[in-house]
Structure formats: structure tokens, C-alpha cells
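Report on one structure; see the data block that follows.
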Amino acid sequence: MQHKYALVTGGSRGIGRAICVKLAEAGYNILVNYKGNTEAAQQTLTLINAAGVQSEALCFDVSDREEVRSVLGGWMEANKEKKIEVLVNNAGIRNDGLMAMMADEQWDTVIDTSLQGWYNVTKQVLTPMALNRYGRIINIVSLSGLKGMPGQTNYSAAKAGIIGATKALAQEMARRNITVNAIAPGFIKTDMVADLDEKEYINMIPAKRFGEADEVADLAAFLASSKAAYITGQVISINGGLYS
Ligand code: NDP
């Protein structure tokens with residue numbers, strides 16, 4: 001595994017951090033992407049290093065195509081012997097509001113981070129992965145992209161867009177031993193939902209609780225493993241029974 005890397009976008013906090021740690025425990029060296037929170041990224045590196053693998057933090061904004069090319073593309077160019085075998089597209093934001101009241105900027109930033117960010121990073125990594133004839137691409141989407149959530153037209157559209165891309169890309173890449181799957185979490189305890197009071201929501205969740213980032217990470221680690229070779233183009237929900 002000396003030269004095998006997993007890249008996790010938005011790996012500095014929350015679900016992304018938990019996935020970094022699980023993939024490190026599985027033996028992957030980890031590239032931790034983040035947007036600006038260097039302290040959180042450093043904490044993730046410390047957790048990864050405890051698993052005895054290599055790790056590096058790469059600061060770039062996934063929505064900025066030029067920055068993705070220069071920082072991620074630059075790393076790939078400078079480290080040609082290192083192979084990104086696993087890509088976890090996890091970086092995402094929410095900026096909720098009813099459509100009638102939504103500012104253009106609210107629409108643009110959510111679409112640009114999730115959907116354009118997905119394209120920018122995946123495009124950068126895809127060709128070398130195809131040449132290597134092995135890969136795992138895991139996209140963190142949302143129940144909101146499956147069901148549609150009022151107050152989240154921007155977020156639902158971004159996540160639904162990634163679901164469509166997941167299904168299409170899976171069919172393009174299957175012959176090259178690259179699987180492409182999506183994970184659709186319900187409510188997971190992270191900074192993203194820190195403004196929501198769990199007690200107000202649990203009555204509608206059959207499992208009567210929010211999920212843990214580690215639970216999402218275990219699923220991601222399985223999809224990243226060689227055991228999941230025949231699973232591709234799927235959207236797997238992890239939501240305590242909230243929606244199926
Ligand atoms: P957090 O808000 O806890 O963490 C977000 C992470 O994304 C941070 O690491 C942040 O970096 C990074 N990030 C944000 N914008 C960018 C950007 N433009 N470029 C690079 N990195 C960026 O989120 P969660 O862990 O909760 O969410 C992770 C994913 O899971 C998201 O895609 C989210 O939509 C999805 N999800 C979450 C659910 C939940 O209930 N928590 C439910 C369903 C889906 P930095 O630290 O530098 O700011």
C-alpha cells in the first residue's frame with residue numbers, strides 16, 4: 001500500500017474526517033482536502049497518523065476549477081509514483097431558504113461547491129485512475145437529493161445532480177474496474193447540522209436518533225474495499241429508516 005492514496009474532499013471535519021480515519025485504518029495513505037480550516041485539517045492528520053500511514057493536507061476550494069488544477073493537479077504531477085485509488089467526494093455546504101426568497105448567491109454557492117466541485121475533482125483524478133485500471137469513487141449525497149426537501153431546492157438539486165452523474169459515470173468506468181457509488185445520509189451529527197435540535201427531529205426518524213459520522217464512514221470504507229467490486233452505480237441510504 002506504500003503508494004496507494006485515498007483523497008477525501010472536505011476531510012478536515014465531520015463525515016469527511018471520519019472517512020479519512022477509516023480509510024487510514026484500512027491501510028490507505030490519505031490526502032485530506034479542506035477549504036480553509038487548517039487547524040481542523042491538522043487534527044485530522046494527527047488521527048490518520050495514529051494508524052501508521054502517510055497523510056497530507058491539500059487546501060483548495062473544490063468549486064474553483066483553476067485551484068483544483070493547480071493544487072491537486074500539481075500534487076499529482078509532483079508525485080507520479082503515488083496513485084489515487086479512492087476518491088471520496090464529500091465536500092459540501094448547505095445554505096437553506098425557500099426558493100421564492102432565495103438569493104442568487106445562495107443557489108450558486110451550493111451548486112458550485114457540491115455539483116461543480118464534484119466535476120472539478122473527479123475530472124482531475126479520473127484519467128490516471130482509468131490508466132491504473134482500478135478505482136473507487138464514492139460520492140456523499142443526501143436524502144435531500146433523493147426525496148427533495150422544502151427549503152433546500154439548491155441543495156436537493158446539487159445532490160440529485162451528483163446522483164445522476166454517479167449512475168452515468170459508473171457505466172462509463174465499470175470495464176476499468178472503477179466503481180462509482182453514492183451514499184445518501186439522513187441527519188448525521190456534524191457541524192453542518194449544529195443548528196438543528198435533535199429532539200425536534202427524532203420523532204420523524206424511526207431509529208429515534210441522528211446518525212454518527214463513523215457510521216457513514218464504515219459504509220464508505222466498505223464501498224472503498226475490494227470486497228465491493230460488484231457494487232456500482234448505486235445510491236445507498238443511511239438514515240435510520242427516515243426514507244426509502
Ligand atoms: P461539515 O460542515 O461538518 O464539514 C464540511 C467539510 O467540507 C469541511 O471539511 C469543509 O472544509 C469542507 N468544505 C466545504 N466547502 C468546501 C469547498 N468549497 N472546498 C473544499 N472543502 C470544502 O459537513 P458534514 O461532514 O456534515 O458533511 C459532509 C458531506 O455530507 C456534505 O457533502 C454534506 O452535504 C453531506 N451530508 C451531511 C449530512 C449531515 O446531516 N451532516 C446529511 C446528508 C449529507 P473546512 O473545514 O476547511 O471548512
Side-chain angles (χ1 to χ4, degrees), residues 7-22 30-45 47-48 57-69 71-72 87-96 108-122 124 138-149 152 154-163 166 182-198 201-202 204-205 207 209-217 219-220 235-240 242-243:
L7 166 62
V8 181
T9 68
S12 49
R13 292 185 282 126
I15 293 170
R17 172 185 284 176
I19 292 173
C20 287
V21 173
K22 294 283 177 190
I30 311 288
L31 291 176
V32 180
N33 157 255
Y34 68 107
K35 186 179 178 191
N37 194 336
T38 305
E39 196 182 329
Q42 287 302 327
Q43 287 168 6
T44 303
L45 294 187
L47 293 171
I48 293 168
L58 288 185
C59 182
F60 58 84
D61 179 344
V62 295
S63 70
D64 183 334
R65 195 166 294 158
E66 283 313 312
E67 203 171 284
V68 172
R69 280 190 189 137
V71 179
L72 176 58
L87 166 61
V88 183
N89 286 299
N90 164 78
I93 55 167
R94 50 177 267 255
N95 192 338
D96 299 347
D108 291 342
T109 52
V110 170
I111 299 286
D112 287 352
T113 303
S114 284
L115 186 55
Q116 300 286 26
W118 178 87
Y119 171 80
N120 295 339
V121 176
T122 307
Q124 188 67 51
I138 299 159
N139 303 317
I140 308 300
V141 292
S142 171
L143 175 152
S144 185
L146 288 169
K147 178 184 176 290
M149 296 281 271
Q152 290 196 321
N154 49 0
Y155 188 78
S156 296
K159 296 300 193 181
I162 298 175
I163 289 171
T166 299
I183 294 176
F187 294 98
I188 307 297
K189 273 184 256 174
T190 69
D191 293 347
M192 185 176 273
V193 297
D195 60 327
L196 307 182
D197 183 359
E198 187 175 350
Y201 288 84
I202 53 173
M204 66 184 195
I205 304 170
R209 65 175 178 89
F210 281 7
E212 303 289 339
D214 269 351
E215 294 176 300
V216 181
L219 175 55
V235 185
I236 302 175
S237 288
I238 175 161
N239 60 27
L242 183 54
Y243 181 75

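Indexing begins at 1, ligand by ligand and atom by atom, following the structure's order. Note that the structure is predicted; figures quoted are calculated from it, not measured.
- Residue contact check: Asp191 has heavy atoms under 4.0 Å from atoms 3 (O) of ligand 1.
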* Could you go through the side chain to side chain contact (heavy atoms under 4.5 Å, CB included) check for Ile30 and Thr44 one step at a time? => CA-CA 10 Å; Ile30 311 288; Thr44 303; over 6 Å; no
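- Gln152 is linked by a side-chain hydrogen bond (donor to acceptor under 3.5 Å, both in side chains) to Asp96, Ser144, counting only residues two or more places apart in sequence or in another chain.
- On a distance-only criterion, Asp61 and ligand 1 share at least one N/O pair closer than 3.5 Å.
- At a heavy-atom cutoff of 4.0 Å, ligand 1 is contacted by the side chain of Lys159 but not by its backbone.
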* When you look at Thr166 and Val235, which way does the side chain to side chain contact (heavy atoms under 4.5 Å, CB included) test go after all the steps? -> CA-CA 8 Å; Thr166 299; Val235 185; 5.5 Å; no
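- The one candidate from Val62, Thr9, Asn33 that meets the side chain to side chain contact (heavy atoms under 4.5 Å, CB included) condition with Asn90 is Thr9.
- Annotation: the span from Tyr155 atom OH to Asn95 atom CG amounts to 12.0 Å, rounded to 0.5 Å.
- Of the heavy atoms in Thr113, only side-chain atoms (C-beta onward) come closer than 4.0 Å to ligand 1.
- Ranking the protein heavy atoms by distance from atom 12 (C) of ligand 1 puts Gly10 CA, 3.5 Å first.
- When Ile183, Ile140, Asn90 are checked for heavy-atom proximity to atom 32 (O) of ligand 1, Asn90 turns out nearest.
- Residue nearest to atom 37 (C) of ligand 1, selected from Thr9, Ile188, Ile15: Ile15 (by heavy-atom distance).
- Between the side chain of Ser114 and the backbone N or O of Gly92 there is no donor-acceptor pair closer than 3.5 Å.
- The protein non-hydrogen atom at the shortest distance from atom 23 (O) of ligand 1 is Met192 CB, 3.7 Å.
- With atom 26 (O) of ligand 1 as the reference point, the heavy atom nearest to it among Ile162, Ile93, Val193, Thr190 is part of Thr190.
- Ring orientation note: the planes of Phe187 and Tyr201 are tilted relative to one another, at an angle of 30° to 60°.
- Protein heavy atom at the shortest distance from atom 42 (C) of ligand 1 is Gly186 O, 2.8 Å.
- Near Gly36, meaning under 4.0 Å from any of its heavy atoms, are these atoms of ligand 1: 47 (O).
- Thr122 meets the side-chain hydrogen bond (donor to acceptor under 3.5 Å, both in side chains) test with Asn89; sequence neighbours excluded.
- Shortest contact from atom 43 (C) of ligand 1 to any protein heavy atom: Pro185 O, 3.4 Å.
- The single protein non-hydrogen atom nearest to atom 19 (N) of ligand 1 is Val62 N, 3.0 Å, given as residue, atom name and distance.
- Of all the atoms in ligand 1, the ones that sit under 4.0 Å from a non-hydrogen atom of Ser142 are 43 (C), 44 (C).
- With hydrogens left out, the protein atom closest to atom 13 (N) of ligand 1 is Ala91 CB, 4.1 Å, a heavy atom.
- Near Phe60, meaning under 4.0 Å from one of its heavy atoms, ligand 1 places the atoms 19 (N), 20 (C).
- Under a 4.0 Å criterion applied to the non-hydrogen atoms of Asn33, ligand 1 contributes the atoms 20 (C), 21 (N).
- Against a heavy-atom cut-off of under 4.0 Å, Val141 is close to the following atoms of ligand 1: 35 (C), 36 (N), 43 (C), 44 (C).
- Compare Glu67, Glu39, Lys35 by their heavy atoms: the one nearest to atom 22 (C) of ligand 1 is in Lys35.
- The option with the heavy atom closest to atom 36 (N) of ligand 1, from among Trp118, Tyr155, Tyr34, is Tyr155.
- Given atom 10 (C) of ligand 1, the protein heavy atom at minimum distance is Arg13 NH2, 3.7 Å.
- In this structure, OG1 in Thr113 is found 6.5 Å from CG in Asp61, a value given to the nearest 0.5 Å.
- Heavy-atom separations between Gly117 and ligand 1 are all 4.0 Å or longer.
- For ligand 1, none of its N or O atoms has an N or O atom of Ala40 under 3.5 Å away.
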* Checking side chain to side chain contact (heavy atoms under 4.5 Å, CB included) for the pair Asp214/Lys22: CA distance, chi angles, key distance, verdict? -> CA-CA 8 Å; Asp214 269 351; Lys22 294 283 177 190; 4.0 Å; yes
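- Less than 4.0 angstrom separates some heavy atom of Phe187 from each of these atoms of ligand 1: 40 (O).
- The CD1 atom of Ile140 lies 8.0 Å from the CG atom of Leu219; values are rounded to the nearest 0.5 Å.
- Counting heavy atoms only, Gly92 comes closest to atom 5 (C) of ligand 1 of the residues Gly14, Gly16, Gly92, Ala18.
- With a 4.0 Å cut-off on non-hydrogen atoms, Ser12 touches ligand 1 through its backbone as well as its side chain.
- Under the side chain to side chain contact (heavy atoms under 4.5 Å, CB included) rule, Asn120 has a single partner from Glu67, Arg65, Arg69, Glu66, which is Arg65.
- In this structure, Arg17 contributes its side chain and Ala213 its backbone to no donor-acceptor pair below 3.5 Å.
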* Test Met192 against Ile15 for side chain to side chain contact (heavy atoms under 4.5 Å, CB included), laying out the working first. => CA-CA 10 Å; Met192 185 176 273; Ile15 293 170; over 6 Å; no
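- Contact check for Arg94 versus Asp195: side-chain heavy atoms found under the 4.5 Å cut-off.
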